[in-house]
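Computed over heavy atoms, backbone and side chain alike; hydrogens, waters and symmetry mates excluded. The structure presented is a predicted model; accordingly, all values stated were derived computationally and were not measured. Just so you know, residue 1 is the first one in the sequence shown, and it goes up from there.
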Amino acid sequence: MGTIDDYLATLDPADSAVISHTYDLALEVVREAEQGLGYGMPALVYRGSPLLSVMRAKKHFGIYPLARKAEIDG
């Protein structure tokens, strides 16, 4: 799987908007985060470690926090 932008391009517009908005909110908090991969999923990466992934499932959106608080505050 590629970047967040690549993933969003595969979704229908309504689902893409929800996931994009979630990433935008996360970037307001951790502005230095970048697109990358975390556990094989498109994710925001902060200081070389996966931070957050948001994925569309059949009947829901999955939000996967991939970093511990100490990694963000540290």
Calculate, to the nearest 0.5 Å, the distance between atoms NE2 and CE belonging to His60 and Met55 respectively.
10.5 Å

Distance in Å, Leu37 CG paired with Ile4 CD1, rounded so as to fall on 0.5 Å steps:
9.0 Å

Is any side-chain heavy atom of Ser53 closer than 4.5 Å to a side-chain heavy atom of Leu66?
yes

I want to check something: taking the side chain as every heavy atom from C-beta on, are Val30 and Leu44 in contact at a cut-off of under 4.5 Å?
no

Minimum heavy-atom distance Ala33-Leu51, with the two atoms named
CB-CD2, 4.2 Å

Give a yes or no on this: more than 12 heavy atoms of other residues, nucleotides or ligands lie within 6.0 Å of atom CD of Gln35.
yes

Got Thr10 and Asp6 here, is their nearest side-chain heavy-atom distance under 4.5 Å?
no

Starting at NZ of Lys59, measure out to CZ of Arg56 and round the result to the nearest 0.5 Å.
10.5 Å

Hydrophobic cluster membership, with links at side-chain heavy-atom distances under 4.5 Å among I/L/V/M/F/W/Y: are Met41 and Leu25 in one?
no

When clusters are formed by joining ILVMFWY residues with side-chain heavy atoms under 4.5 Å apart, either directly or through shared neighbours, do Tyr39 and Ile63 land in the same one?
yes

Between Ile19 and Tyr7, is any pair of side-chain heavy atoms under 4.5 Å apart?
yes

Pairwise side-chain contact, Leu52 with Tyr46, heavy-atom cut-off 4.5 Å (strictly under):
no

Under 3.5 Å: donor-acceptor pair, side chain of Tyr23, backbone of Val54
yes

